[in-house]
Structures are given as structure tokens and as C-alpha cells.
There are 2 protein chains.
Amino acid sequence: MSVSVKDVAAAAAVSVGTVSNVLNRPDKVAPATVARVQAAIDRLGFVRNDAARQLRAGRSRSIGLVVLDSANPFFAEVARGAEERAAREGMAVLLGNSDQTPSRERAYLELFREQRVNGVLLTPTDLEASAVRRLADSGIPLVIVDGELPGGGVPSVAVDDVQGGMLAVAHLLEQGRRRIAFIGGPQSIRQVADRLEGARRALAGVPEATLEVIELDALTVLHGRDAGEEIARRDAADRPDAVFCANDLLAVGVLQGTAILGEVRVPEDLALIGYDDIDFAQSAVVPLSSVRQPARAIGAAAVELLLEALESEGAAIRHVRFQPELVVRASTGP
Amino acid sequence: MSVSVKDVAAAAAVSVGTVSNVLNRPDKVAPATVARVQAAIDRLGFVRNDAARQLRAGRSRSIGLVVLDSANPFFAEVARGAEERAAREGMAVLLGNSDQTPSRERAYLELFREQRVNGVLLTPTDLEASAVRRLADSGIPLVIVDGELPGGGVPSVAVDDVQGGMLAVAHLLEQGRRRIAFIGGPQSIRQVADRLEGARRALAGVPEATLEVIELDALTVLHGRDAGEEIARRDAADRPDAVFCANDLLAVGVLQGTAILGEVRVPEDLALIGYDDIDFAQSAVVPLSSVRQPARAIGAAAVELLLEALESEGAAIRHVRFQPELVVRASTGP
DNA sequence: ATCCAGCCGTGAATCGTTTCAAACTGTAAT
DNA sequence: ATTACAGTTTGAAACGATTCACGGCTGGAT
């Protein structure tokens, strides 16, 4: 059916061993022979069978990536960063979505193990789960993405969400705001909990400031819009003068929710800041202040850590921690 | 190192052939034996080596997907749809981004061939390229995504962009608009060209209506914003009364560009319609009318066609063509 | 009793590559 | 002439699963 090394060997009048050497260690083969074999390869259209290579050599050329939802702009960028970095090593990325469901996560991890991926990048659905730890111990290199396994032992790349929350609220306080509201999704999501914790810490130094926590079920534009409308309907006296949203989608929603009633102006009556700095933030009607996370760099770094782990078996476990960055735009402007 | 069928066979006191049968045709094995082997598998933590399976059996369990840019919301959704459908078959998706660069496209296709993927889903950078045709002839099943290879012969899933363009402009005309502008990226992108063609056709029946074409270099929010500002700066007499954008990102940009000067109101002075109906469209400040493309369904259908092609070698080549759907919101509202 | 038909299970051959010890070649040193 | 040696090339073993022709066994029909 398809052309194999054997065919190439015959065509070039050498042994299969030599063809393999041309493929993998051309410097060990006489230049004239390399040329002859190369010519045969081109002529026959030979394509190396990675399955056989993998079987014999042990190594594979793909890595698995499991995220919560690749359609979310943040994770889409993370995936993009991972893909780019992997491509530079000639590796491919297998993409899986867990949708926050442990069973789907498990299914993907199993599939990836069968495929003998070089390693797995995982945004775990549940960091406490011993399943993750077991996976890490099972021999397949693992890197935690956008999180950190309590107790260490597994390389990870994360952004300091507590710090990010502090940045956001400190900025609001600096603008003279004192009645702060935090709008966020289920607190079971670590990212949300950490950002709230950061907000609390920023407030610690300003006794006269207050924090209202508005908890939602999900981090979507529509949820944000509802929250925004609710705020806009309040008496001016009950209204916060600043809102920190757990992500940009929520913030965009709040922007719309308040705009609908038309009474609350951003930023005059209500300062608004989001999180992630997704592409759209800078292009919102009122350009949105936000806390930037280097999504692409996160993906690239995760691959980097994986490569390190592969390179030097049993070396020191590294944790990459990015610092979030405050991006000030009109929505909190003076 | 790792547990193989041989180990399982020994542990369960059967032959390797039987273990393989348990794995692949459990109905051909006595129930008691199945149970015994299954127990051994669980106890030893055996994970099937897909490379070996693939080598011997020929089939693989992954499919390749090459899109222009997976960070673009439309393609992110397409990828998501493909991933979901593939997962149901126990297959994994290898994700590649060509960034509209033929050389990157080629590199991925080569990598995927080496990996012996089951097939490739491709959004080609250049539909004319004979490279695509050669690929299709090279034995590896191919499905064109969001496009159609002129001359047929390759299964494809597409959306009728001409029809979509017609829908959009017909709607604008129906609203009484007569001075239409089309804003779009490089015409070399087939999707853009087709949508413009659709606009032209819709106008054919209304002699007194005019069409202005504003060509941009890319389909981004920022490009759209520039175009919007330019329009807003014009004298009212030179201004179009409706704009059809080649995608939603552009439309969002136009919305902002016109808002900045504050003189042109949407939809009163300017009706605005986009394309793709990305998630954000319904949540824009002025909710955006758009032409919906079923992105997820497109991805799923592509996998479907690939499965068909694998199933019935040499059967009829199918083309799935989705109909675009007009979504009317406030930006073109009465 | 004998035969036959189903079931089950066996084990060697096979897929296409990599790897490695051994063979070969030609040149330099003794 | 012999030995040493480095540079090349060879060929067979190995990786771990699937496949398939074949043999053993069981139980019912003749």
C-alpha cells in the first residue's frame, strides 16, 4: 500500500538501517549516500510511519491538552500558545474539552494515554481530586495549566489571581471609589475565589470602604447583564460606585445591563473593571479596564515545562507564575 | 516498563490472542474468560498501546484539523464541534493553525500524514492550489471545511455565503435603506468575495439603490473601527444609510467608530448588519443583526463526512451545504 | 458408537521503524 | 606485510498489538 523504508532501501540500493540513519542521524552517513537515499525518498514519496517509529523508539510526537472549554476566548488563546510552541518542536497538540465534567476529563486522559502522548497539559476540573495526583504518578508527564496543585510535586503554570484581584480593587480605591461590588461566578472555581480574596486584601487597608459580593452561577455576558440591570434599578444610595467583575464577559454584560436603563453612566456613576483582558475589552463601547493575563504565554510556558520534564527526567519541578497586569481604560477613567 | 498484552495474558493464564479478542470482540470470548482477563487488565493497570494497534491494524484514532486561526471565535466553535463529534467515536482531534500561510499549512499536513491520522479536515489557505487536490489524491481522506473545492471530487461542508450576503442586504433594503455600503477584508478570501457577490445580487432588483464597497486589509475590530470613524466624519449627504460587514468583528468596530464621534446613531441614521452571529453579537451595546452560521454544526458535519468516507471507501462524495440564517436585532431595527 | 457443527482458545506471523553489534573498507602506523 | 583504526554500512532483533488458520472440546444428531 504505502511506501516503507524497505522500498526506499531497495530503490537506493542500501540497507534499511542506512535509510533510518539518513532519517535520524544524517551525519553518520556518507554524504553521497545521504543524497542517494534522499533522492529515493523524494521520488517514491515516502512518509515516515510515526506509529512504527513510536512503537520501537518509545517517544511520540504529540502532547495532550485538556481545558475546560476551548470556545472560551481565554482558553482558545491558551491553546493557541501551546500549539505554536509545540509546532516549533515538530509536535502536534491533541485538544480535549472537559466542560468541567470529571467524567469527560477522565475519558480524555485515558484516550491520551492510549495514544501514548508525550505528556498532558491539564486544567483540572477539580484540583483537590486525588485523581490528578494519581495521574501524575502514573508515569505520564503532567503540567497543570492555570492553577497549581496544592502540595506541589507537579509542574504548573499559573497567574497569581489573588494579586490580580488586589490590583483591580486597589485601582478602584485609588480612583476614590469606596462602595465596591464584586460580581463573580460560582466560588467553587478557584480563579473566582482567588480574585475575590485579592479584592478583600486590597480593601483591608481602607476601613471606610465596603465590599458587596454578588454571586452568579456562571461567568457569561448574559449573567453579567442581569446583574447590571439589577444594580441600575437600585436607588442611588444603595448602588455601589464601582464594580469588579471576575471576568471580562461579565463586565461587558454589566456595561449593557446598566446602559439599558440609561440612568447609570460608566465611568461617572459606576467605575467598572473586568478580568482577562480579552481582545474585545479594548473595543467595548466604553473601553474596558481589565487585569491582563498573558493567555498565549501561559500555553507556551506549559509546553516549555513539559519539554523540560521530558528532557531531564526527575529534575527539579518548576512552577511558572505570571504576574497579572492592570490595564486602565475609560471604564474606570478619571 | 509498561504493561503489555503479554503480561495480561500471563496474569490471566490465557494467550495474547485471547486478550486481544477480549479487547476487540468480547462477544467471541466466553464470558468467564472475559471476566478473568478484564480483572487482570484492571489489576495490572494495562493501557493499550495505540501505536502498536495502529501499526498492525492500519487504522488510527485521530483526525487532523487545520484552520486559519483557532483563536477566531468562529473557528474556535468549528473546532469545538469537530472535537465533540470525534470524541463520540473515541477519536481525538489534532489541531493545527495555518494562519493563512501555505507553508504552515503544508507543515501541518506533513506532520499529520506522519502521524497517520485517519483523515484531515482542512480550511484551505488557497482553494485553487493544486496542492489540495494532490493531497486528496494521496490516499489520506480529506474534507474541506467552510469551502468547496471547485471541480468537486472532495467532500466538503460549506455555508452558502452568496445566499448569506443576499439575506443581509435584502433585509436592509426591506427596511427602506437604499445607500448600502459593504465593508470587507481582502477579496482574495473566498468568504468575503461570496458575501459581496450576494449583496450585489440582492441589489439587482432595486435599481435606485446603490452599493459602495469599502475594502480593508483584515477582518478585525480595529479595522472596522477605522472604517466606522471614516464614515461618521462624512457629510450626511455622502454617508450610506446602511452597512453590511463581512463579519461581526468588523461590525462591532463600526459600531464603536461611529459612536466615538457621536453624530451617527445606529440604527436610526445607519443600519448595521454583520456576519457569523458570534456569541458577542447579541450582547453588543446595540445588539447586532447578523447572518448566522452554525459553526459547531459545521465542525460536527465535517467529522461526519470523514467518517462516511472511511466507512465506505469510494462511495459517493457528499457535500453538506448549510443555509445561513438572518438574525434581526436592534442594529437594523425599525 | 460415530460424526458433525459450533464454540473457544492458541500462537505464530505480521505491521514499519529503530537500534546495535558486527562486518566491511580503505588508510595510516608499525 | 601486518595491525590498528576510524568511518560506513549491514542485517536481524525488537517494540506491542492484531489477525487468522488451526486444533481441542462439547453436545446433539444419526
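Note on naming: letters A, B, ... go to the chains in the order of the sequence lines (proteins, then strands), and numbering restarts at 1 for each one.
Put simply, CZ on B/R113 is 15 Å from P on C/dG16, counting in whole angstrom units. In this structure, B/E114 places its CD atom 10 Å from P of C/dT17, rounding to the nearest Å. The CG-P distance, from B/D50 to D/dA17, rounds to 10 Å in whole Å. Going from atom CG of B/D7 over to atom P of D/dC15 covers 11 Å, rounded to whole Å. Taking atom CD on A/Q115 and atom P on D/dA17, their separation rounds to 14 Å, with Å as the unit. Residue A/L23 contributes atom CG, which lies 14 Å from atom C1' of C/dT19 at whole-angstrom precision. Put simply, CZ on A/R25 is 13 Å from C1' on D/dT9, counting in whole angstrom units. One atom, CZ of B/R53, and another, C1' of D/dG16, lie 12 Å apart when rounded to the nearest Å.
Rotation axes derived from the C1' atoms of the five outermost pairs at either end of the helix from C/dA1-D/dT30 to C/dT30-D/dA1 lie 60° apart, to the nearest 10°.
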Take B/E304 and B/V320 through the test side chain to side chain contact (heavy atoms under 4.5 Å, CB included) and record every step on the way to the result.
CA-CA 10 Å; B/E304 196 74 47; B/V320 173; over 6 Å; no
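Of the N and O atoms on the side chains of A/S70 and A/N97, at least one donor lies less than 3.5 Å from an acceptor on the other residue.
Note on B/R53 versus A/E114: no salt bridge recorded, every NZ/NE/NH1/NH2 to OD/OE distance being 4.0 Å or above.
The distance from the CG atom of A/L219 to the CZ atom of A/F74 is 12.0 Å, given to the nearest 0.5 Å. Here the CD atom belonging to B/Q115 is positioned 10.5 Å from the CZ atom belonging to A/R48, to the nearest 0.5 angstrom.
Between A/S20 and C/dT18, a side-chain N or O to OP1/OP2 separation shorter than 4.0 Å is present. Between B/R48 and D/dA17 there is no side-chain N or O to OP1 or OP2 distance below 4.0 Å.
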Which letter, B, S or -, goes with each nucleotide of nucleotides 9-15 of chain C from 5' to 3', with contact meaning a protein heavy atom under 4.0 Å?
SBB-BBB
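Evaluation of the salt bridge (charged side-chain N to carboxylate O under 4.0 Å, His left out) rule for B/R116 yields no partner, not counting sequence neighbours. Taking the side chain to side chain donor-acceptor pair (under 3.5 Å) definition, one finds that A/S20 meets it with A/N24, sequence neighbours left out. A search for side chain to side chain donor-acceptor pair (under 3.5 Å) contacts involving B/Q323 returns nothing, not counting sequence neighbours.
Sorted by first and then second residue, the ring-ring contact (aromatic ring centres under 6.0 Å, His included) pairs with a member in residues 14-46 of chain A form an empty list; sequence neighbours excluded.
B/R116 comes within 4.0 angstrom of nothing in the nucleic acid, heavy atoms only. Backbone-only contact: B/N24 has heavy atoms under 4.0 Å from sugar-phosphate atoms and none from a base.
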